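All remarks here apply to the structure that follows.
Just so it is clear, the model here is predicted, and its values are computed rather than measured.
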Amino acid sequence: MKNPVAQLLHCWRWWKRLQPQGYFRWSDAKLQINRVILPARFAYQKAGEELKKVAKITARDEHITRIDLPEHQLHFYWHGTADNNLYFLIEQEFNPRNPHCYTTPPIHLTERSRVIDVGACEGLFAYRLLKQNLCQEVICFEPLRAMATLIWQSAVENGVADRLKVEPVAVAESSGPVRLIASDSPDAYRIEAADSETQEPDTYAVKLDEYFDNHQITLRSKDLIKIDAEGADLAVLQGSAETIARDQPQIAVTTYHADEHVEEITALLKKLNPGYRFRLKGFAHWTSRPRPVLLQAANAPTKG
């Protein structure tokens with residue numbers, strides 16, 4: 001059972017600690033703070049009510065569910081149990097008041113932007129951007145092959161497959177075989193290098209700097225690297241350091257997986273590009289304790 005006072009005090013301490021750096025405004029810190037403070041059952045129950053309003057859910061078989069979003073003329077597939085938490089995935093795409101929404105200012109995309117989607121999961125982020133013509137192309141990285149297959153299938157059905165590429169691999173600080181260590185807790189999921197002599201790898205990981213070099217990809221300041229890598233977020237950035245320092249793309253990266261991530265990620269991005277301006281948003285209500293949700297970074301707009 002959550003202690004509302006303790007939860008609020010924890011958030012306040014985080015904000016006081018980070019606020020002097022100037023990128024964690026109180027208005028952003030308190031986004032959806034009610035979900036952080038109140039018992040989880042209230043948010044979960046409300047999510048179920050809202051899910052019925054915005055989605056049509058159809059079980060395709062015992063493992064795969066189709067979720068149609070009539071208002072947005074989109075659908076996606078979910079591999080696993082379809083429950084009320086699906087609403088939070090949907091809401092973060094279409095409600096800018098959700099701190100997990102990746103494309104709020106200072107992020108600014110154009111119809112010529114390229115988006116690198118690390119941790120694409122169900123693919124809804126990519127479909128939304130392409131359907132709304134917010135970018136030219138999305139490259140999705142999703143290490144769970146079942147989900148990667150469903151991303152591609154839904155991309156075809158949503159009519160965006162010509163501008164979407166799916167890479168069924170993980171992203172890490174270095175390339176090589178890896179094991180995916182899953183858990184029911186969002187704090188505990190992680191990627192580990194596989195010992196080739198004693199462990200069978202689950203998939204392969206790529207270093208983004210190497211991937212871009214191999215595919216002759218050069219990013220621009222209006223391109224975006226979006227990262228929700230289940231705890232490997234910092235490692236993804238470390239493996240993208242050369243690209244970030246050279247090309248200065250926009251960044252939207254989750255910071256709720258570990259206590260130290262928000263400060264370590266900010267310090268790394270400041271070092272790689274001193275010209276970035278930052279925005280930190282919200283607190284996670286689904287983790288063992290609230291942590292800041294999302295850090296965004298972009299160059300300041302040029303005058304004239």
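By the 6.0 Å contact criterion, NZ on Lys271 is open, its count of non-hydrogen atoms from other residues, nucleotides or ligands being 12 or less. Atom NZ of Lys131 has more than 12 neighbouring heavy atoms from other residues, nucleotides or ligands inside a 6.0 Å radius. Counted within 6.0 Å of CD on Glu49, heavy atoms from surrounding residues, nucleotides or ligands total more than 12; the atom is thus considered enclosed. Counted within 6.0 Å of CZ on Arg145, heavy atoms from surrounding residues, nucleotides or ligands total 12 or fewer; the atom is thus considered open. Other residues, nucleotides and ligands place no more than 12 heavy atoms under 6.0 Å from the CZ atom of Arg112.
Between Phe24 and Phe283, the gap from one ring centroid to the other is short of 6.0 Å. The six-membered or imidazole ring of Trp286 lies away from that of Phe88, with a centre-to-centre distance of 6.0 Å or more. Between Tyr102 and Phe125, the ring centre distance stays below 6.0 Å.
Between the CD1 atom of Ile33 and the NE2 atom of His285 there is a distance of 10.5 Å, given to the nearest 0.5 Å. One distance of note links CG of Leu272 with CG of Leu268; it measures 4.5 Å at 0.5 Å rounding. Ser154 OG to Glu122 CD: the interatomic distance, rounded to the nearest 0.5 Å, is 9.5 Å. Atom CD1 of Ile67 and atom CG of Leu89 lie 9.0 Å apart (nearest 0.5 Å).
Here the closest heavy-atom approach between residue Asn158 and residue Tyr127 is recorded as ND2-CD1, 3.7 Å. Closest non-hydrogen pair, His261 versus Leu234, comes out as NE2-CB, 4.1 Å. For the pair Ala47 and Asn84, the tightest heavy-atom approach, listed with the atom from each and the gap, is CB-O, 3.6 Å. When all heavy atoms of Thr254 and His100 are compared, the pair lying nearest together is CG2-CE1, 3.7 Å.
One finds a salt bridge joining Lys165 and Glu167 here, because a Lys/Arg side-chain nitrogen approaches an Asp/Glu carboxylate oxygen to under 4.0 Å. Between Asp28 and Lys281, none of the side-chain N atoms (NZ, or NE/NH1/NH2) sits under 4.0 Å from a carboxylate O, so this pair counts as no salt bridge.
Between Lys53 and Glu50 there is a side-chain heavy-atom pair separated by less than 4.5 Å.
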Between Leu129 and Asp117, is the side chain to side chain contact (heavy atoms under 4.5 Å, CB included) condition met? List the steps. CA-CA 11 Å; Leu129 297 189; Asp117 185 357; over 6 Å; no
Worked verdict on Arg17 versus Glu263 for salt bridge (Lys or Arg N to Asp or Glu O under 4.0 Å): CA-CA 10 Å; Arg17 175 175 168 177; Glu263 290 170 302; 2.5 Å; yes
Step-by-step side chain to side chain contact (heavy atoms under 4.5 Å, CB included) determination, Thr243 to Leu208: CA-CA 8 Å; Thr243 299; Leu208 281 184; 5.8 Å; no
Side chain to side chain donor-acceptor pair (under 3.5 Å) for Glu111 and Asn133? Distances and angles first, verdict last. CA-CA 6 Å; Glu111 61 183 12; Asn133 290 317; over 6 Å; no
Would you please test Gln248 and Ser221 for side chain to side chain donor-acceptor pair (under 3.5 Å) and show each step? CA-CA 5 Å; Gln248 302 178 6; Ser221 62; over 6 Å; no
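Classification of the Trp15-Trp12 ring pair by plane angle, with boundaries at 30° and 60°, yields tilted.
For Arg60 and Tyr77, the positive end sits near the middle of the six-membered ring, less than 6.0 Å away and at most 45° from its axis.
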Report, one line per pair, each donor and acceptor closer than 3.5 Å where one atom sits in a side chain of residues 135-142; sequence neighbours left out.
| from | atom 1 | to | atom 2 | distance (Å) |
| --- | --- | --- | --- | --- |
| Glu137 | OE1 | Arg114 | NE | 2.8 |
| Glu137 | OE1 | Arg114 | NH2 | 3.3 |
| Glu142 | OE1 | Cys121 | N | 2.8 |
| Glu142 | OE2 | Leu144 | N | 3.1 |

